[in-house]
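Have a look at the structure below before the remarks.
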Amino acid sequence: MSVMVLALAGGTVEVNDEALDGLRMSVRGDVILPGDAALAGVRPVYNAMYPGSPGLVVRPSGTADVVDAVNFARDHGLVVAVRGGGHSVAGLSSIDGGMLIDLANMNGVEVDTDAGLAHVQGGALWGDVDRETQLHGLVAPGGVVSDTGVAGLALGGGEGWVRRKYGLTCDNMVSARVVTADGQVRTASADVNPDLFWAIRGGGGNFGVATSLTFSVHPLGPIVAFTGAFYPASDAAKVLRAYGDWARTAPNEITTLCGCTTLPAHPGLPPQIHNTPFVVVGGVYCGGVEEGMAAMQPLRQFAEPLVDISQPLPFGAVQSAFDPFFARQDLRSYWKSTFLADMSDGAVEIIARRAQSRPSDRTFVVVFHMGGAVNDVAADATAFSERSASFMVSIDGNWTDPAEDSNVVSWVREAWSELAAIGTGGVYLNFTSLVDEGPTTAVDRGLGGNLSRLAAIKAKYDPTNLFRRNNNILPAS
Ligand SMILES: Cc1cc2nc3c(=O)[nH]c(=O)nc-3n(C[C@H](O)[C@H](O)[C@H](O)COP(=O)(O)OP(=O)(O)OC[C@H]3O[C@@H](n4cnc5c(N)ncnc54)[C@H](O)[C@@H]3O)c2cc1C
């Protein structure tokens, strides 16, 4: 049976039987067509706004399959999407009618304790990494939800629970293997293809399919000092002001966030906050447990808490604490982010007001404390260019009813506009939905002064822009 697949040139192109048979014969993993029962096994994406309906799926078992899939897409002129963990809020790993490379089966993780490295395949989730690294009391800096994919997060930056001590995820990448648009398997490291290595640390999936990524690992866990102080949402301004003051002199060992939302009754949450709007100050200490609990004590005294669950916890439990509230295909999501130089009075006023007028219960307004090791890296040392901010604010519109789409999206856009007006000008592309503006505008903001260098590297490795389902960088002409 032949299939019609979205074409790079516009419209669709017929992929005939013979071509599909050839692909099936070479690929060791799966080749899946619309209507095949195996389609149900393709990794679902997070955002319910973009379930996707691909015209052709290849689910590689390894790098050789990725090479075949990339060659096939290029030779047939197909629009191709690459899915790592599937957590793209903007729906960039979803596709309707095009070809999907679903890396879900490439989720191996190998920790080399002698070298202090974790080798991670391109379809692994952070939970896969945490499981293997924590066996050795080690951590590879990731995100704050264990169901998020490693590759998309790392290629776009990566802000997790240890960033102020160890930097962004991309700062801990020491090499990667990338299948570029010409079907070549390239190493990217400080010594081999250094331009490609520079570009994939912040430039996203623009340069090819990362089949494996190698990260530095650091000692932490299995038990870590954890702070989880939940304050009433009505105290948002007070808490944010105290948080901003505290953050000015906070040690790099402490990484925190301060977020406002409402969560449903759930056995993983204390009953005091079930269906109750709250501001949570969450923190992890990179160091001794007792020392960490003491150092984070001030975070628990910003106001009278509704409940305080601060305690030593397994790092794996901290990593997966948010997971139940971000199940795949549960929520519709529209997120926007901005960076702030400081927690000014103006910022406190906007964030607190917006935190209390969220358009849906599940909408989050979250402040990430940046600085520390993140800002020790020069703005042009990696493609990730925002290295000056003290905070990142993410306005995460989450809801379930499609009838609410325009209401929540408009609210997030308005809140973001207010905050961006006092921000550094940058955005975090991994926390950026693209529905409302040309992707180029967001990519300009996200990559800042590094964009023209990235466009030249894009022209070298992907001159026809085969990889365009991403925060797309147009090849320099
Ligand atoms: C619930 C939730 C929590 C989050 N928490 C955090 C957080 O704590 N910190 C943080 O920094 N970010 C966080 N994010 C944002 C996250 O970094 C991005 O959504 C990221 O893109 C997810 O990576 P993924 O592999 O799951 O994405 P996918 O949806 O699979 O892909 C996203 C983009 O990356 C590309 N891509 C994916 N894999 C590869 C690959 N192997 N090779 C080349 N390109 C690839 C895709 O083509 C696409 O353009 C969160 C997102 C969600 C939904």
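Counting convention: from 1, in listed order, for ligands and their atoms alike. Throughout, residue positions are numbered sequentially from 1 according to the sequence presented.
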Over 60° means perpendicular and under 30° means parallel, so tell me whether F230 and F278 are parallel, tilted or perpendicular.
perpendicular
Looking only at atom types and distance, does a side-chain atom of S94 sit under 3.5 Å from a main-chain N or O of Y50, one as donor and one as acceptor?
yes
Plane angle bin for W246 and Y243 - parallel if under 30°, tilted between 30 and 60°, otherwise perpendicular
parallel
Could you check whether any side-chain N or O of D102 sits under 3.5 Å from a backbone N or O of R43, counting only pairs where one atom can act as donor and the other as acceptor?
yes
Between the side chain of R74 and the main-chain N/O of A181, is any donor-acceptor distance below 3.5 Å?
yes
Note down each nitrogen or oxygen pair, ligand 1 side and protein side, whose separation is under 3.5 Å; give only atom names and the distance to 0.1 Å.
residue, atom, partner, partner atom, Å
ligand 1, 8 (O), V144, N, 2.7
ligand 1, 8 (O), E159, O, 3.3
ligand 1, 9 (N), E159, O, 2.8
ligand 1, 11 (O), E159, N, 2.8
ligand 1, 11 (O), Y428, OH, 2.6
ligand 1, 17 (O), N430, ND2, 3.1
ligand 1, 19 (O), H87, O, 2.9
ligand 1, 23 (O), L153, N, 3.2
ligand 1, 25 (O), G85, N, 2.8
ligand 1, 25 (O), G152, N, 3.1
ligand 1, 26 (O), G85, N, 3.4
ligand 1, 26 (O), G86, N, 3.2
ligand 1, 26 (O), H87, N, 2.9
ligand 1, 26 (O), G149, N, 2.9
ligand 1, 27 (O), H87, N, 3.4
ligand 1, 29 (O), H87, N, 3.1
ligand 1, 29 (O), S88, N, 2.8
ligand 1, 29 (O), S93, OG, 2.6
ligand 1, 30 (O), G84, N, 2.7
ligand 1, 30 (O), G85, N, 3.2
ligand 1, 30 (O), G86, N, 2.7
ligand 1, 38 (N), G84, N, 3.4
ligand 1, 41 (N), G122, O, 3.3
ligand 1, 41 (N), A210, O, 2.9
ligand 1, 42 (N), A210, N, 2.8
ligand 1, 47 (O), V82, O, 2.7
ligand 1, 49 (O), R469, O, 2.9

For R131, look at atom CZ and say whether over 12 heavy atoms of other residues, nucleotides or ligands are found less than 6.0 Å away.
no
